[in-house]
Novice: 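My structure is below; once you've seen it, I'll send some questions.
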Amino acid sequence: MNAISKPAFDVARIRADFPILAEKIRGKDLVFLDSAASAQKPRVVIDAMVHAMEHQYANVHRGLHWMSERTTEAYEDVRDSIARLLNAPDRSNIVITANSTASFNLVAQSYGRSVLKPGQAVLISQMEHHANLVPWQMLRDASGVELRIAPITDAGELDMAAYEALLADGKVGLVSVTHMSNVLGTYTPAERIIQIAHAHGARVMLDASQSVVHRRIDVQALDVDFLAFTGHKLYGPTGIGVLYAKRELLEAMPPVNGGGDMISSVSYERSTWAQVPHKFEAGTPAILEGIGLNAAIKYVEAIGFDAIAAHEATLTEHALARLSAIEGLTIIGHPQDRGGVISFTLKGAHAHDVATLLDRQGIAVRAGHHCAEPLMHRLGLESTARASFGLYTTMAEIDALADTLDQVRVFFK
Amino acid sequence: MNAISKPAFDVARIRADFPILAEKIRGKDLVFLDSAASAQKPRVVIDAMVHAMEHQYANVHRGLHWMSERTTEAYEDVRDSIARLLNAPDRSNIVITANSTASFNLVAQSYGRSVLKPGQAVLISQMEHHANLVPWQMLRDASGVELRIAPITDAGELDMAAYEALLADGKVGLVSVTHMSNVLGTYTPAERIIQIAHAHGARVMLDASQSVVHRRIDVQALDVDFLAFTGHKLYGPTGIGVLYAKRELLEAMPPVNGGGDMISSVSYERSTWAQVPHKFEAGTPAILEGIGLNAAIKYVEAIGFDAIAAHEATLTEHALARLSAIEGLTIIGHPQDRGGVISFTLKGAHAHDVATLLDRQGIAVRAGHHCAEPLMHRLGLESTARASFGLYTTMAEIDALADTLDQVRVFFK
Amino acid sequence: MFEDLRDLYQQVILDRGRKPHHGRRLEVFDAEARGDNPMCGDRVQVFVRRDGEAVAEVGFEARGCAISIASADLMAEAVIGKTADEIAELTTAFTGMARTGNGGAPQLATLRPLAGVHEYPSRIKCATLPWMALKAAMAGKGNASSE
Amino acid sequence: MFEDLRDLYQQVILDRGRKPHHGRRLEVFDAEARGDNPMCGDRVQVFVRRDGEAVAEVGFEARGCAISIASADLMAEAVIGKTADEIAELTTAFTGMARTGNGGAPQLATLRPLAGVHEYPSRIKCATLPWMALKAAMAGKGNASSE
Ligand SMILES: Cc1ncc(COP(=O)(O)O)c(C=O)c1O
Ligand SMILES: Cc1ncc(COP(=O)(O)O)c(C=O)c1O
């Protein structure tokens, strides 16, 4: 660790941007280590949403009056920001959804039911969040598309040989895998995954729900076909998610939801659809949420992904060292390329009990199956405790976690 | 009109609750007559969302820590408020969606594809918003369920004789009609519509997107089977909508979207679903939006629907009188039972030009087909201008509209 | 009352919006296309008759506001005698003017009354819709959408 | 450090959570049911052997936290010798105590160590899950969910 070679990152200044971090939990300082579930919101996001509600709000897209025109501009600007964030070729590659889960369901229900044919397969991995599993399972059960599961190694990485073997028969039409595991913290080798899939004629969808928070993603460099993320983990509001897709795929896909805003013309006999991406966005959009997410993206970009990644690496390294020194504590997964999400178990104490004890000291961690039951099964576990880091996480917070965990161990001994 | 018999309603006090109403548009006072498209937000809604983001936020349902538990309580309380607002039997009758449009698509895709069978029909009316038309059209085209259209009279009311005749052959499985037209302001006779439908073995879904803002709805008294509304028209945030449904219907319906939060257990072979209503709510919910909508509902309830309805009636009566006195102005539709949404045309001036001229004076109205193209066709029109009223609309604003419209007439003469 | 709107609604726009000179289907035409603005329902159908390389006549049928009809009418005059390439260039210049208000180019002279739309974001499409339809017609496509 | 948690984690709960007395599948049983808490993955399977009207023995297999295992274990003892009606009544009393902390009723005596959960909203279901499973078993249903 060489502090000088890393971009400046002033965590104290960043913490001041997040009002909630000043809260006390039962008299103790809040130590929020649950950002992978949902991140806290910086002042600029709150202010952007408040400004809209107080000064500039109306329904968008169809209004000819000042408030509607200005709100449309403010809302639609998020599409440009997302395109910039992902280095998408164009704003029309960006479909606004309700969350990551909705993005997966959109692709499963539209692309899955029209472009994929019975006899073809969807390939996911053993470490998917339910959001990238259940929609494909429902597709399989409804339309006869096969569902294949690429195994992971004991270290918690995608087994690349097995992955490639599962593509060998050419039946896989779509690979849909996580870019960063919400349980193990593993970053998957997206570039190789995509190259191999494309070589076997399969399209690739990436679950960037976790990764987009920590690393710069370049959809054109990756040549990824679909990518999903969710606003609330990227320091933005709830109620908004994103689907990136290549233009020709969006053009070929039928809409899933019908209603206002997604049509070109409507008659009882036949309706025609608006152009991409609007044909996938039925009804009044998440206007305030788009405005909030836009502020979040600009906030993260201003800090810069180099600085964010370096901060995350420093925190993770320290946390791994501190936690693995605790007697009876097992860190789950040892991937080479990993980020600030660490799952662990503590001998003699169930993860829920660990979480409750930590909570008493103001430390928020998650415990359970983390919406990844089949992964738990693969790991031979029922549940883990999970600490996850955000922009605002400090070394001192990690020390507090480790010190308190040592006491938890004693409590349950 | 007898002012004494009406509940006290202090519009000046109410206006003070809505910060945006103090805005100037190009130096002119904002006269916001576009609430039917989306309503402005009172201070309490803004404050509730800000409070969550500043003091009490985490992901819900799965967290064992203080922030998550408290946020879950705050979010889930909106379900109780919605149940109270609609007099639903239980909170489990309330499914949270993204907007009204999503509620219709949910019913069309779940109930429509599983309970309704080819050969059965869905019956809508000639005055539906695209949100209550396109999903059924997509169902028809995908699954062979017939789509029938109940005509309206020249006055802009549902033609009840024709409606009943369309049910006569017993093939209609579901009637889905508006409770209040967003173009004509017509309230439909929901009680009779439902009685007649039930007598013919059909279920009924009501589009309460407009009506819920102005009148008390009692789903049990109506015996309605499904009902949809959208948060942003009820003074709440965007990104949240509601589906009410009878319990036995929700039980019988398969989920549409898969992912986290909607499962009971997940394995590759087979997953099982969470109980009603959660099985329809995949992924991280609209947490902040639920908290905001809850505040909006409590705000509206505190004012009371008697007072709101009386205010709306007074405004509408005055507006109809003032507008119909303008030379060349035609009010579209003359329903007996009507609310504060008035469409009109002005001779010699296209609706867009009317809207632009009004906007120059700070008056916001909508112009176009109002997401109801087939209704426009029925009326022999391409577009109308539409003024719509909210809690905060004043008599003076209606006078400003009428006075300015008279000048618009002169401008285009 | 609407003095500040005279920029947008210049007299020629009001006149042409009310009584366009070219608002008719041509009896003989070589190309035609329809333009739709799905957000507001405006529609314009453009008919083109050619004479060799150049456009000989343009007519249109439209439903829409004063801006879109006046724009179609002024367009019909502006493109007579022009080749496909010249029209493509003019379309770009016009679209730029509608977005920015900058109508300095000499070829925009007769179209300049429409420069005022740039201050009304939602009305820009009203002015450009006929040009989108003309572009589609010249390219042999049947439809254009203003989105 | 965790002194204020002794209300929730009383010694009997720690002991029973670690080494339950009744944590086994019965060799012979008349009824059984599974309880699932889908939000956290806890699961308990309850086995019931009857003797006439009364319950003779209860055993369980569980995966879960100290609270849920201790609760299952204390439940197994508390219901022995009770009839279906008595168990239904006790279930109601226990659930009430878990929600409100009010464990005054005499029949709750041995279960009172679990009253502390009422201060931990997300842990209430840990304590009530075995009771939901028992209820399902007594009613001849195979499954219960804590939602
Ligand atoms: C009658 C009616 N139904 C449905 C809708 C759709 O609402 P949303 O766009 O919020 O889904 C609207 C408003 O746009 C409406 O007025
Ligand atoms: C890897 C991963 N994928 C998908 C999701 C689903 O996100 P959301 O619940 O916002 O749809 C999450 C978070 O819950 C996640 O961590």
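Quick note on labels: first sequence line is chain A, next is B, and so on, each numbered from 1.
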Novice: Quick check on A:R140 against chain B: is it the side chain, the backbone, both or neither that has a heavy atom closer than 4.5 Å?
Specialist: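 Contact with chain B involves the side chain of A:R140 alone.
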Novice: Are the side chains of A:H65 and B:D34 in touch, meaning some heavy atoms are under 4.5 Å apart?
Specialist: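 When only atoms from C-beta onward are counted, B:D34 and A:H65 do touch, with a gap below 4.5 Å.
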Novice: Who wins among A:G241, A:G362, A:S271 for the most heavy-atom pairs under 4.5 Å with chain B?
Specialist: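 Greatest number of close heavy-atom pairs with chain B: A:S271.
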Novice: Quick one: OG1 on B:T284 to CD1 on A:I240, what's the gap to the nearest 0.5 Å?
Specialist: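 Between atom OG1 of B:T284 and atom CD1 of A:I240 there are 14.0 Å.
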Novice: Under the salt bridge (charged side-chain N to carboxylate O under 4.0 Å, His left out) rule, collect the residues that match up with A:R43, sequence neighbours excluded.
Specialist: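 Applying salt bridge (charged side-chain N to carboxylate O under 4.0 Å, His left out) to A:R43 gives A:D47, B:E54.
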Novice: Starting at CD of A:E289, measure out to OG1 of B:T238 and round the result to the nearest 0.5 Å.
Specialist: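 The distance works out to 3.5 Å.
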Novice: Let me know if A:P254 has heavy atoms under 4.5 Å from chain B in its side chain, its backbone, both or neither.
Specialist: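 Neither part.
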Novice: Please classify the contact of B:Q109 with chain A as side chain, backbone, both or neither, using a heavy-atom distance under 4.5 Å.
Specialist: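 Just its side chain gets close to chain A.
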Novice: Side chain, backbone, both or neither: which part of B:L133 has a heavy atom under 4.5 Å from chain A?
Specialist: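 For B:L133, the side chain is the part near chain A, not the backbone.
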Novice: Residues two or more places apart in sequence or in another chain: which of them pass salt bridge (charged side-chain N to carboxylate O under 4.0 Å, His left out) with A:R70?
Specialist: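 So A:R70 forms no salt bridge (charged side-chain N to carboxylate O under 4.0 Å, His left out) with any residue.
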Novice: Which distance, rounded to the nearest 0.5 Å, do you find between the NE2 of A:H51 and the CD1 of B:I46?
Specialist: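 So the gap between those two atoms works out to 11.5 Å.
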Novice: Evaluate A:E23 against B:Q56 for side-chain contact (heavy atoms from CB on, under 4.5 Å), listing each step before the verdict.
Specialist: CA-CA 8 Å; A:E23 288 296 304; B:Q56 199 191 81; over 6 Å; no
Novice: With a 4.5 angstrom heavy-atom cut-off, is it the side chain or the backbone of A:V365 that approaches chain B, or both, or neither?
Specialist: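 For A:V365, the contact with chain B is made by the backbone alone.
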Novice: Report which part of B:Q126 has an atom under 4.5 Å of a heavy atom belonging to chain A: side chain, backbone, both, or neither.
Specialist: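 Contact with chain A involves both backbone and side-chain atoms of B:Q126.
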Novice: Given that the side chain runs from C-beta out, which part of A:A372 has a heavy atom under 4.5 Å from chain B: side chain, backbone, both or neither?
Specialist: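 Neither the backbone nor the side chain of A:A372 comes within 4.5 Å of chain B.
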Novice: Given that the side chain runs from C-beta out, which part of A:R113 has a heavy atom under 4.5 Å from chain B: side chain, backbone, both or neither?
Specialist: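 For A:R113, side-chain heavy atoms alone lie under 4.5 Å from chain B.
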Novice: What I want to check is whether the side chains of A:H377 and B:S267 have a donor and an acceptor closer together than 3.5 Å.
Specialist: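 Distance-only check fails for A:H377 and B:S267.
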Novice: Work out which heavy atom in A:C371 is nearest to a heavy atom in B:G260; give both atom names and the distance.
Specialist: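 Looking at all heavy atoms of both residues, the shortest contact is SG-CA, 4.1 Å.
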Novice: Checking heavy atoms, do the side chain of B:L106, its backbone, both or neither come under 4.5 Å from chain A?
Specialist: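 Contact with chain A is absent: no heavy atom of B:L106 under 4.5 Å.
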Novice: What verdict does the side-chain contact (heavy atoms from CB on, under 4.5 Å) test give for A:R366 and B:N59, after you've listed the backbone C-alpha separation in whole Å, the side-chain angles of each residue and the deciding distance to 0.1 Å?
Specialist: CA-CA 10 Å; A:R366 195 134 290 233; B:N59 209 331; 4.1 Å; yes
Novice: Below 4.5 Å from any heavy atom of chain A, which atoms of B:M53 appear? Answer side chain, backbone, both or neither.
Specialist: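 Backbone plus side chain of B:M53, per the 4.5 Å heavy-atom cut-off to chain A.
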Novice: Would you say the side-chain atoms of A:S265 and B:E373 include a donor-acceptor pair closer than 3.5 Å?
Specialist: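 There is no such pair between these side chains.
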Novice: What residue, out of A:A131, A:A98, A:P135, has the most heavy-atom pairs lying under 4.5 Å from chain B?
Specialist: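 Ranked by heavy-atom pairs under 4.5 Å with chain B, first place is A:P135.
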Novice: Measure the shortest side-chain to side-chain distance between A:P374 and B:V266 over non-hydrogen atoms and say whether it is less than 4.5 angstrom.
Specialist: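 Yes, at least one pair of side-chain atoms sits under 4.5 Å.
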Novice: For A:G259, does its backbone N or O pair with a side-chain atom of B:T101 as donor and acceptor, under 3.5 Å?
Specialist: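 It does not hold such a pair.
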Novice: Assess the residue pair B:W273 and A:V134 against the criterion (side-chain contact (heavy atoms from CB on, under 4.5 Å)); give the C-alpha distance rounded to whole Å, side-chain angles, the decisive distance to 0.1 Å, and a yes or no.
Specialist: CA-CA 10 Å; B:W273 313 136; A:V134 183; 3.8 Å; yes
Novice: Output the option from A:F32, A:F104, A:F18, A:Y57 having the highest count of non-hydrogen pairs under 4.5 Å with chain B.
Specialist: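 When all of A:F32, A:F104, A:F18, A:Y57 are compared, A:Y57 has the most.
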Novice: Taking A:I124, A:L288, A:L64, A:N257 one by one, which has the highest count of heavy-atom pairs under 4.5 Å against chain B?
Specialist: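 It is A:N257.
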Novice: Among the options B:A355, B:A364, B:P255, pick out the one with the most heavy-atom pairs lying under 4.5 Å from chain A.
Specialist: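 The residue among B:A355, B:A364, B:P255 with the greatest pair count is B:A364.
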Novice: Shorter than 4.5 Å, heavy atoms on both sides: which option in B:V45, B:N132, B:D141, B:V256 has the most such pairs with chain A?
Specialist: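 Between B:V45, B:N132, B:D141, B:V256, the count favours B:V256.
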Novice: Quick check on the interface: out of B:M49, B:H129, B:E269, who has the most heavy-atom pairs with chain A under 4.5 Å?
Specialist: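 With the most close heavy-atom pairs to chain A, the winner is B:E269.
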Novice: Which bit of B:R148 is near chain A, if near means a heavy-atom gap under 4.5 Å: side chain, backbone, both or neither?
Specialist: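 Neither part; nothing is under 4.5 Å.
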Novice: Heavy-atom cut-off 4.5 Å, strictly under: side chain, backbone, both or neither for B:I149 against chain A?
Specialist: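 It is the side chain, since no backbone atom gets that close.
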Novice: In terms of heavy-atom pairs under 4.5 Å, which option from B:R360, B:H370, B:H352, B:H232 contacts chain A the most?
Specialist: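 Of the options given, most contacts go to B:H232.
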Novice: Measure B:A22 against the heavy atoms of chain A and call it side chain, backbone, both or neither at under 4.5 Å.
Specialist: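 Contact with chain A: none, neither part.
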Novice: With a 4.5 angstrom heavy-atom cut-off, which part of B:A52 approaches chain A: side chain, backbone, both or neither?
Specialist: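 The answer is the backbone of B:A52.
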Novice: Look at atom CZ of B:R26 and say whether more than 12 heavy atoms of other residues, nucleotides or ligands are closer to it than 6.0 Å.
Specialist: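 Yes, because the 6.0 Å sphere around CZ of B:R26 holds more than 12 heavy atoms from other groups.
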Novice: What's the spacing between A:M67 CE and B:I25 CD1 if we round to 0.5 Å?
Specialist: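 Here the interatomic distance stands at 4.0 Å.
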